[in-house]
Amino acid sequence: MAEENKKLKIGWFSFSCSEDSTIVFTELMNEHWQEWKKMFDFRHVRVLKSKNIMDEFDIAFIEGAITSDKYAEQLKEIRQKSKKLVAVGACAVQGMPAGQRNFFDEKQKEEIEALIARFAALPKVLRVSEVVKVDAEVPGCPMDPNIFLKVVNELVAELKS
Ligand code: SF4
């Protein structure tokens, strides 16, 4: 139990996106699982387990763009529970390509009005940093695995110091 307490608590959350960065993350597990299972407590990572704990995180990874007030509130709650928050993948970092509708012309906007209302969507799709403070970003569509590993190693060093 004492050893468990020393592990860094990890959360992985997906908002509006295709979840391909999650796939990259699970692929990285093939090489890093032995090392990561000793270092990390995967506290809220739905792709790895069905019973997840939403209490506090040393590092929360956020994938996808923010498309509704509900998602914005969930993201703020994660931020409040996390020491470090990392935006992963282009949709989270720059709001695209998930936010293509931000660039629709007037006619296209009219055509999707009913869908916006039906899903209680925000008028504009937001990148993560438009909603909460972001400590690090991993660009790429999907995320660049090398930058992800670099960011993870830097944050681990910082949090353990
Ligand atoms: S960044 Fe690309 S791969 Fe990742 S969720 Fe968005 S569209 Fe999919």
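Because only heavy atoms are used, hydrogens play no part in the values below, and waters and symmetry mates are left out as well, while side chains stay in. Please read these numbers as outputs of a predicted model, since none were measured by experiment. Whatever order the structure lists ligands and atoms in, that order sets their numbers, starting from 1.
For residue Cys141, no N/O/S atom approaches atom 6 (Fe) of ligand 1 to within less than 2.8 Å. Coordination check, Ser18 versus atom 8 (Fe) of ligand 1: passed, since an N/O/S atom of the residue sits under 2.8 Å.
Ser21 OG, 3.9 Å is the protein heavy atom nearest to atom 4 (Fe) of ligand 1. Protein heavy atom at the shortest distance from atom 6 (Fe) of ligand 1 is Cys91 SG, 2.2 Å. Of the protein's non-hydrogen atoms, the one nearest atom 5 (S) of ligand 1 is Cys17 CB, 3.1 Å.
Near Asp20, meaning under 4.0 Å from any of its heavy atoms, are these atoms of ligand 1: 3 (S), 8 (Fe). Of all atoms in ligand 1, listed by their number and element, those nearer than 4.0 Å to a heavy atom of Ala90 are 1 (S).
Nearest heavy-atom pair across Ala65 and Phe15 is O-CB, 3.4 Å.
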- Message: Could you go through Phe42 and Phe57, starting from their C-alpha distance and side-chain angles, then the distance that decides it, and tell me whether this counts as ring pair (Phe, Tyr, Trp, His ring centres under 6.0 Å)?
- Response: CA-CA 9 Å; Phe42 293 101; Phe57 307 104; over 10 Å; no
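Looking at Glu56 and Ser82, their side chains never bring a donor and an acceptor atom within 3.5 Å of each other.
Evaluated for a side-chain contact (heavy atoms from CB on, under 4.5 Å) with Val88, the options Ile62, Val138, Val128 yield exactly one hit, Val138.
Using a non-hydrogen distance threshold of 4.0 Å, Pro97 registers as a contact of ligand 1.
The shortest distance between side-chain heavy atoms of Val125 and Ile66 does not fall below 4.5 Å.
Salt bridge Glu154/Lys150: present, at least one basic N to carboxylate O contact under 4.0 Å.
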